[in-house]
Amino acid sequence: MNQFKKRLLGAIAVLACAAPLGAKAEISDNVVRIVVMNDQSSAYSDTSGKGSVVAAQLAIDDHNGKAAGKPVELVSVDHQLKVDVALAHARKLIDQDKVDVFVDMANSAVSLAIQKLVQDTNRVALHVGSAHADLYGKACSPNGALWLYDSYSLAKGLAKALLDDTHKNWFLLTADYAFGHAMQDDMTRTLKQNGGNVVGAVRAPLATNDYSSFLMQAMGADAQVLALLNAGADTTNSIKQAAEFGVTRKGVKLAVPIFTIINAKGIGSELAQGAVFLAGYYWDADDASRAFAKRFEAKMGRPPAHTQAAVYSAVSHYLKAIDAGNTDEAKAVMAKMRELPINDFMTKNGKLREDGRVIRDMLLLEVKAPADVKSEWDLAKVVRSIPGDEMIRPVNEGGCPLIK
């Protein structure tokens, strides 16, 4: 064969190999399948549940129901706050339905289990309503992202945001399990590093109904801030009983790391007034937030909790990464998600770090007094924004094995 023919055949071979790369998307099964997995029937169903499914669907709708030109399907799963139920559903969805990504979880134990499963099966997990800092620490994964908050950032962010000369002495009422212990350690460390004092701390069992003895200890400790390091019904009960005991009338500020406007509505502004908390989104923060809330409310009858808004953010960025990379292969999508800035109605120039933590700002909110409430969901005011790099654990301190 002469040199001309060799060069011609070589050129044809190169073109033949290259053409498919730009000609079509590499989407498995020609469908992108998204699973919203969370609690849809018990303690956390109001702040995740069906509302997270609605938020995910709105994100899909805003991408015209497609990613890289292929249809996007949404599946919803209630894990009932049980790890075994979550894993059974997840394995079936992976093996039989070929799903690509699990979103929300809204339970740290479930998130840690799903994190391991998606790494073993090369899928993606986008954790939203889960707060375990190990998800971007020693249990980090190249296939996982922690989207909204964690125990470290909530404790540190709230402590730094509130700490001043009139809020120097803190009493910590802590849920007696791993989540509460971690928050107490992080908050204590932050307060001491910044000149604050922990004047007392007590641990209450999960699902405590009577907080009277714990609140009496807090009132006797000369505290200026009472931090309620719990969640769900425990938070609701402790706030109601703190109001009944007159804690806030004595000038003590309530600091509540895990809280949403759904909780505030359930408790009522009369009892919850003055409580401060961190949120990634508030429906009345600006025009873009109000626009999303209006769309969400048309489906759900109320504005979204910040956890539900963050499900939209996670799904939207995931679909953008598929568009940009022309594939739904898990590691390629995660690489694109880290490469692209996160921009939507609740996140401005956010960044997905190598350890799987999204770096974004949070809002410091305060529950309004009844006289200041102008409409049904006008329950909080924005005090200020807290930069993400002031509260999120540094990448070299979490023990993530991905970080050299």
Side-chain angles (χ1 to χ4, degrees), residues 34-63 72 74-79 81 101-108 110-111 114 125-131 145-150 154 231-232 235-236 256-267 277-286 288-319 342-347 350 358 360-363 365 376-380 382:
I34 298 173
V35 180
V36 170
M37 175 180 279
N38 57 27
D39 169 31
Q40 299 179 11
S41 55
S42 58
Y44 303 111
S45 57
D46 284 342
T47 54
S48 59
K50 296 295 184 182
S52 291
V53 181
V54 167
Q57 187 60 58
L58 289 172
I60 294 169
D61 292 345
D62 286 347
H63 283 76
V72 178
L74 181 62
V75 179
S76 161
V77 172
D78 180 3
H79 58 45
L81 300 177
V101 58
F102 294 87
V103 185
D104 197 9
M105 275 59 83
N107 177 278
S108 290
V110 170
S111 276
I114 295 295
L126 307 177
H127 312 280
V128 177
S130 301
L146 184 62
W147 212 260
L148 185 59
Y149 53 49
D150 66 271
L154 289 172
T235 300
T236 299
V256 195
I258 301 289
F259 201 67
T260 73
I261 59 164
I262 311 301
N263 303 119
K265 180 78 160 94
I267 295 168
F277 60 103
L278 293 174
Y281 162 90
Y282 179 58
W283 74 269
D284 200 26
D286 53 31
S289 299
R290 286 186 284 272
F292 178 75
K294 185 176 181 180
R295 295 174 62 201
F296 184 93
E297 190 167 5
K299 304 281 188 181
M300 287 294 294
R302 58 164 175 77
H306 72 133
T307 43
Q308 293 160 336
V311 167
Y312 175 101
S313 176
V315 171
S316 178
H317 194 65
Y318 174 77
L319 295 176
I342 304 168
N343 280 302
D344 50 56
F345 60 84
M346 65 178 289
T347 310
V358 170
R360 61 179 318 283
D361 299 344
M362 297 283 278
L363 301 173
L365 300 178
E376 182 182 7
W377 289 97
D378 176 35
L379 299 172
V382 178

If you take all heavy atoms of [X] and [Y], which pair is closest and at what distance?
| X | Y | answer |
| --- | --- | --- |
| Trp147 | Ala310 | CD1-O, 3.7 Å |
| Met346 | His306 | CE-O, 4.2 Å |
| Phe259 | Phe277 | CD2-CD2, 3.4 Å |
| Tyr44 | Ala231 | OH-CB, 4.1 Å |
| Gln40 | Val77 | NE2-O, 3.3 Å |
| His79 | Val110 | CD2-CG1, 3.8 Å |

Original post:
Do Lys50 and Asp39 sit within salt-bridge range, that is, some charged N less than 4.0 Å from a carboxylate O?
Top reply: no
Subject >> Presence of salt bridge, Glu376 and Lys265, under 4.0 angstrom >> reply: yes
Original post:
Would Ser52 and Asp104 count as having a side-chain donor-acceptor pair, cut-off 3.5 Å?
Top reply: yes
Subject >> Point-to-point distance, once rounded to the nearest 0.5 Å, from CG of Leu148 to CG of Leu154 >> reply: 8.0 Å
**OP:** Please name all residues satisfying salt bridge (charged side-chain N to carboxylate O under 4.0 Å, His left out) with Asp150, sequence neighbours left out, ordered by chain then number.
**Re:** Arg357
Original post:
Is the distance between the ring centroids of Tyr281 and Phe345 less than 6.0 Å?
Top reply: yes
Subject >> Test log, rule side-chain hydrogen bond (donor to acceptor under 3.5 Å, both in side chains), inputs Asp344 and Ser316 >> reply: CA-CA 8 Å; Asp344 50 56; Ser316 178; 5.7 Å; no
Original post:
Would Leu319 and Ile60 satisfy side-chain contact (heavy atoms from CB on, under 4.5 Å), going step by step from the backbone distance to the final call?
Top reply: CA-CA 8 Å; Leu319 295 176; Ile60 294 169; 4.2 Å; yes
**OP:** Might you work through the side-chain contact (heavy atoms from CB on, under 4.5 Å) test for Val256 and Thr235, ending with a clear yes or no?
**Re:** CA-CA 8 Å; Val256 195; Thr235 300; 3.4 Å; yes
